[in-house]
Novice: 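Questions regarding the structure given below will be posed in turn.
The first residue in the sequence is number 1, and the count goes up from there.
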Amino acid sequence: MRHFSIKELENFSEVKSHTIRVWEQRYNILVALRRDSNHRYYTLQQVEALLNYSLLTKNGTKISSLIKLNKQEIQLRVKGLETPEAKKNKAINFLIVKMFSNEIEDFENILNNWTISFGIDSTIQSIIIPFLEKVHLLSYTDKRTEIHFVVTAVRKKIIFGIEKVNAETEKNKTALLFLPQGEHYDLMLLYIAYLLKNLGVNVLYLGTDISIENLEDVVNEKNPDYLYTCISTVKLLKLVQAFAKRIITDFPSLTLFAATSVHTSSTFVTANNITLFYHEDISKTLTT
């Protein structure tokens with residue numbers, strides 16, 4: 001059975017670890033279990049409970065009032081939250097629980113129902129991306145079965161969003177998107193393709209596992225205005241640096257934009273034609 005650290009609980013719920021410990025000590029809720037090594041951990045049931053507590057406290061209920069309620073009463077209060085923001089948070093919380101409980105049909109139903117009710121753009125921007133950020137799946141690979149199911153479901157929605165974009169192109173600018181050789185995890189790259197198309201840019205999605213030779217052939221043939229890739233690890237950052245150095249030799253006017261979740265100093269990037277950015281700042285990359 002999957003267990004969770006207090007840091008994961010913080011990521012999922014946006015409740016600080018310190019506050020979780022206070023609730024545990026003061027109200028005797030979410031009491032951590034301990035391994036033989038004395039490391040603390042929490043169950044999925046405790047994750048779900050914390051998500052409900054977090055949502056209700058965000059909507060004005062004090063934690064001291066919630067501890068007097070049983071599980072069914074808590075769930076009824078959560079169900080009664082009907083503000084637009086609360087609905088979004090409920091959907092994201094459900095996705096988190098359904099992923100880790102390996103209930104993929106329910107997971108997909110949440111996405112499908114939101115798409116029917118609010119459209120694909122809202123589903124991607126308001127539900128999918130915040131969910132991926134909370135569970136660290138936007139730029140992270142995980143080998144567990146439930147992760148593969150979830151990634152497949154999310155990929156389908158983002159690709160559907162890309163296909164539905166009808167934005168007119170702006171100044172005939174073209175972006176070529178790729179992942180370097182050996183890299184196959186493309187959720188962030190697909191999301192960038194979706195954002196670029198919404199910004200009116202022609203998108204050429206070269207895909208994953210692209211060698212420098214293949215990239216150079218396509219650049220020569222298509223003459224793009226921008227290159228975009230993604231970086232999920234320091235190891236990949238070094239590989240992208242090597243790409244960028246070679247690109248500047250053959251295509252000195254091109255800049256390689258690299259979306260990253262790697263926390264590193266910009267001085268780590270030694271190639272002067274590579275620009276690091278976070279995915280939410282993509283519009284800024286088109287105005288630099």
Novice: If the condition is side-chain contact (heavy atoms from CB on, under 4.5 Å), which residues does H18 pass it with, not counting sequence neighbours?
Specialist: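 So H18 forms a side-chain contact (heavy atoms from CB on, under 4.5 Å) with V22.
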Novice: Compute the centroid of each ring, for Y27 and then for Y53, and state whether the two points are separated by less than 6.0 Å.
Specialist: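 Ring centroids of Y27 and Y53 are no less than 6.0 Å from each other.
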Novice: How far does OG1 of T229 sit from CE of M188, to the nearest 0.5 angstrom?
Specialist: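 So the gap between those two atoms works out to 10.5 Å.
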Novice: Could you give the distance from CD1 (I67) to CG (N28), rounded to the nearest 0.5 Å?
Specialist: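 Here the interatomic distance stands at 9.0 Å.
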Novice: Within the distance-only criterion (no hydrogens, no angle test), does the side chain of K90 pair as donor or acceptor with the backbone N or O of V78 below 3.5 angstrom?
Specialist: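 Checked: pair present.
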Novice: Can you check whether N70's main-chain N or O pairs, donor with acceptor, with E73's side chain at less than 3.5 Å?
Specialist: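 At least one qualifying donor-acceptor pair exists.
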Novice: Pick one: which of W114, F94, F131 meets ring pair (Phe, Tyr, Trp, His ring centres under 6.0 Å) with F107?
Specialist: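 Going through W114, F94, F131 one by one, the ring pair (Phe, Tyr, Trp, His ring centres under 6.0 Å) with F107 is satisfied by F131 alone.
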Novice: Apply side chain to side chain donor-acceptor pair (under 3.5 Å) to residues T255 and T275 and explain how you reach the verdict.
Specialist: CA-CA 7 Å; T255 296; T275 298; 5.4 Å; no
Novice: Can you tell which of Q46, Q45, R40 makes a side chain to side chain donor-acceptor pair (under 3.5 Å) with Y42?
Specialist: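 Of Q46, Q45, R40, side chain to side chain donor-acceptor pair (under 3.5 Å) with Y42 is met by R40 alone.
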Novice: Quick check against the 3.5 Å criterion: does S126 have a side-chain atom that pairs as donor or acceptor with the backbone of T123?
Specialist: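 No; judged by distance alone, with no hydrogens or angles, the pair does not exist.
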Novice: Measure the spacing between CG of N93 and CG of L50 and express it to the nearest 0.5 Å.
Specialist: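 Rounded to the nearest 0.5 Å, the CG-CG separation comes to 9.0 Å.
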Novice: So, K156 and E108, do they make that salt bridge, N to O below 4.0 Å?
Specialist: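 Yes, charged N to carboxylate O under 4.0 Å.
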Novice: Around F149, counting heavy atoms of other residues, nucleotides and ligands shown, do more than 12 lie under 6.0 Å from its CZ?
Specialist: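 For F149, atom CZ is not crowded (no more than 12 foreign heavy atoms under 6.0 Å).
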Novice: So, D209 side chain and G182 main chain: donor-acceptor pair closer than 3.5 Å or not?
Specialist: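 Checking the backbone N and O of G182 against the side chain of D209, a donor-acceptor pair under 3.5 Å is found.
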Novice: Could you walk me through whether R155 and D186 pass the salt bridge (Lys or Arg N to Asp or Glu O under 4.0 Å) check?
Specialist: CA-CA 9 Å; R155 285 186 85 257; D186 65 346; 3.0 Å; yes
Novice: Run the salt bridge (Lys or Arg N to Asp or Glu O under 4.0 Å) check on K7 and E10 step by step: do they pass?
Specialist: CA-CA 5 Å; K7 185 62 178 177; E10 179 179 310; 3.2 Å; yes
Novice: Quick one: are L179 and H184 in side-chain contact, heavy atoms under 4.5 Å?
Specialist: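 Of all side-chain heavy-atom pairs linking H184 with L179, none is under 4.5 Å.
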Novice: With a 3.5 Å cut-off and no angle check, do the side chains of E85 and T83 form a donor-acceptor pair?
Specialist: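 Short answer, no.
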